There are 4 protein chains.
Amino acid sequence: MSKKKDIMDATLALIHEEGLQSVTFSKLFKRAGVGSGTIYNYFANKEELVNAVYKDARMLMGEYLLRDFDPQASLYERFKRLQLNRLNFGIDFPMEFLFIDSYSFSPYISSELRNMDDARNSGEVILSLIVEGQKQGIIKEMDSHLCHQLIHGIISSILKGLYIEKYPMNETQVQQVLEASWKAILV
Amino acid sequence: MSKKKDIMDATLALIHEEGLQSVTFSKLFKRAGVGSGTIYNYFANKEELVNAVYKDARMLMGEYLLRDFDPQASLYERFKRLQLNRLNFGIDFPMEFLFIDSYSFSPYISSELRNMDDARNSGEVILSLIVEGQKQGIIKEMDSHLCHQLIHGIISSILKGLYIEKYPMNETQVQQVLEASWKAILV
Amino acid sequence: MSKKKDIMDATLALIHEEGLQSVTFSKLFKRAGVGSGTIYNYFANKEELVNAVYKDARMLMGEYLLRDFDPQASLYERFKRLQLNRLNFGIDFPMEFLFIDSYSFSPYISSELRNMDDARNSGEVILSLIVEGQKQGIIKEMDSHLCHQLIHGIISSILKGLYIEKYPMNETQVQQVLEASWKAILV
Amino acid sequence: MSKKKDIMDATLALIHEEGLQSVTFSKLFKRAGVGSGTIYNYFANKEELVNAVYKDARMLMGEYLLRDFDPQASLYERFKRLQLNRLNFGIDFPMEFLFIDSYSFSPYISSELRNMDDARNSGEVILSLIVEGQKQGIIKEMDSHLCHQLIHGIISSILKGLYIEKYPMNETQVQQVLEASWKAILV
DNA sequence: TATGAATGAGTTTTCATTCAT
DNA sequence: TATGAATGAAAACTCATTCAT
């Protein structure tokens, strides 16, 4: 099991450092510290390996997005929790976040995987929250997917700026981002 | 010059269709309708070709972003113009937009190019507009780069949802997006 | 190890038959009976391969030159032994001899390798012998390197004539050549 | 005519600097300062060009070898003249000398050219001189081609040592070399 | 399971040669 | 004659995958 983990970790790190297109098996073997044949005990081929790494990242993110999510909390509290979780996921797991963000639409990732439900179906949770807010007249009427994409996009973009150290990110900035994304969709 | 253009067009189209990692030279030659050696009259290698395509796309976008931009217009009008131009660029040039968005942070693109100033320095224009708005007490006080990233990210994200046909995009939606991005950064 | 040897043997043979400039990898693979990628497990590129072959040839020659060399023998005996060994090396290993002779000054061979000491430093042995003979008043006073080059050149030249069958080479001729090279440098 | 000369000069210089196997047409065109198609007005292909350069070098050498050769002079004088001319040719025309020496047996050079008579048939002159010396009992009895090869080889070898600056070469050394080659073949 | 030498299909790259101007 | 962009066959090289140990 350890070898499998080593291989997957090395894969993610190399994709992060050099991009999927320049991850070769020989780099991978050296990085993971395994023999070149070992991978085939775990993965039928390179595509399967990359998809497995992708799936793990998606599962981890799905788990993370609903941490400390309290369905009983106020709409605003729930919204902030979801947005904060997404932001924190990106901060804590930059490699996973960027891999998902960059390659979700790559032909390398199978479409079933791309469209998979997250661990606890966080996608649905967010959409319902949006619809609920619109019913209450708090959130502006618009296509719920558009709205979802909008608030999701803010977090993604902010994270990418953060990764290249365009700006600092401490409690102040975090609150500014959360508020901005909330205000963006209010009526 | 025509052959060079053919090669660059084919490159962009193939990257769009199959992703950078699966763009091979033989696909490229067939698509561009040139002989296999021709590319080396213009580009020393694949990386140089891709970087040239990237540079052209960036120049085109830089040009586009300041179309019909009236420095005398109101802050809100100028803001909307910039956001609308970005959105329209993405709608009119999906291949260019996605290429820039996907590969700007890829190690394949040289860092000089990634950090290049746009044609008419649209980046500076947006930043000044933000600072101006903050001085006037209209735009919320925050790191101007953070603010820039935020409104930029909304457009990018919306475009990516549009490309996979998550939602329609007509005049109504366009206005919703522009308003959302404006509200996001108001005090 | 065997594959590496096969590749190096095939390289030497091909260089001998067709010259360095017409040794292509596909000829090499067929000749060596290995797959086309195998060479890259041992040599990073063609230049490295050729240099390795050169180094081996030089080591073999260095070994050969001091065969049966008796430091206690008379000056003349030692001289004849060295010259005979060089001649016999060229007769027994024509490919190695010609490769060394032809490419030692080619830009293809790295200068470190060109200037490498032979296995048992036969170069030094010959130079000391010359100096010793000069001290004893037997060998004519002249630059010892010039003297070395002179007697070396006689053997090389004779071998090249032999290879194209310009003349026979049996015991009589061998003795004539050894004597000629000895007389050339006497006072 | 000037373009043709430019091309041939550039060819010889490049062969000297980098070896025949790395002389490409594009290097050649840049060096000669002509367009890439121009060569085909003068030479059908690369091989013909190289052979033309070889032929010119051989003609030049043939001419040079018999300079100031006086058929009436003493055997020793005639011998020294021939050897001195060869040595001086190598000193004055190192590129030509090395090209001839290195590539005479390359498959690139046509065999007719390789076996061509020198301008004034210097080969025959030397052979007759040897035979004459042997008849007079001055030069040792041996195969005349072997003898020729022997004295020729001394000069070649000395020149190659000179090119890599193994030793100086002024009047003293020149005389030493001529004497050595004479003594080598005396009875 | 784990290994890594060997493989060869596929990809990149070179470069002599052609040809329209 | 002179040019140099275009060519494509051939050469160099890569790298995922196999397989004997």
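Residue numbers start from 1 in every chain, and the chains themselves are labelled A, B, ... in the order their sequence lines are given, proteins ahead of strands. Bear in mind the structure is a predicted one, so any value in this text is a computation, not a measurement.
- C:Phe25 comes within contact range of the sugar-phosphate backbone alone, with a heavy-atom separation under 4.0 Å but no base atom that close.
- Aromatic ring centres of C:Phe93 and C:Phe89: separated by under 6.0 Å.
- Between the NZ atom of C:Lys27 and the C1' atom of F:dA12 there is a distance of 14 Å, rounded to whole Å.
- Atom CG of C:Leu60 sits about 5.5 Å away from atom CD of C:Glu96, to the nearest 0.5 Å.
- C:Phe29 places its CZ atom 15 Å from the C1' atom of E:dA5, with the value rounded to the nearest Å.
- Here the CD1 atom belonging to D:Ile15 is positioned 8.5 Å from the CG atom belonging to D:Leu28, to the nearest 0.5 angstrom.
- Distance, B:Leu28 CG to E:dG10 C1': 16 Å, rounded to whole Å.
- One distance of note links OG1 of A:Thr11 with CG of A:Leu49; it measures 4.0 Å at 0.5 Å rounding.
- For the pair B:Ile39 and C:Thr38, nearest-nucleotide mapping onto DNA chain E gives the more 5' position to C:Thr38.
- Distance B:Lys5 NZ to F:dA5 C1': 19 Å, rounded to the nearest Å.
- The residues D:Glu17 and D:Lys27 are annotated as not salt-bridged, no charged nitrogen and carboxylate oxygen being separated by less than 4.0 angstrom.
- Distance A:Phe43 CZ to E:dT1 P: 13 Å, rounded to the nearest Å.
- By the neighbour-count criterion of 12 heavy atoms within 6.0 Å, atom NZ of C:Lys46 is densely surrounded, having more than that number from other residues, nucleotides or ligands.
- Comparing atom distances between the D:Tyr42 side chain and each of F:dT1, E:dT11, F:dA16 picks out F:dT1 as nearest.
- In terms of position along DNA chain F, the nucleotide closest to B:Gly33 lies nearer the 5' end than the nucleotide closest to the other residue of the pair C:Tyr40 and B:Gly33.
- Remark: D:Lys46 is in phosphate contact with E:dA16, judged by side-chain N or O atoms under 4.0 Å from OP1 or OP2.
- In the interface, the side chain of C:Ser36 is paired with the base of E:dA9 through a donor and an acceptor atom under 3.5 Å apart.
- Both key distances under 3.5 Å define a Watson-Crick or G-U pair, and stretches of 3 or more such consecutive pairs in DNA chain E run E:2-21 with F:2-21.
- For the pair D:Gln21 CD and F:dA11 C1', the computed distance is 15 Å after rounding to whole Å.
- Atom pair C:Leu20:CG and F:dA12:P shows a separation of 11 Å (rounding to whole Å applied).
- For the pair A:Lys3 and E:dT3, the criterion of a side-chain N or O lying under 4.0 Å from OP1 or OP2 is met.
- Out of E:dT17, E:dA2, E:dT11, the shortest distance to the side chain of D:Asn45 is found at E:dT17.
- Rounded to a whole Å, the CD1 atom of D:Ile7 is 14 Å from the C1' atom of E:dA16.
- Relative ring orientation between B:Phe25 and B:Phe29 is described as perpendicular, the plane-to-plane angle rising above 60° on a 0-90° scale split at 30° and 60°.
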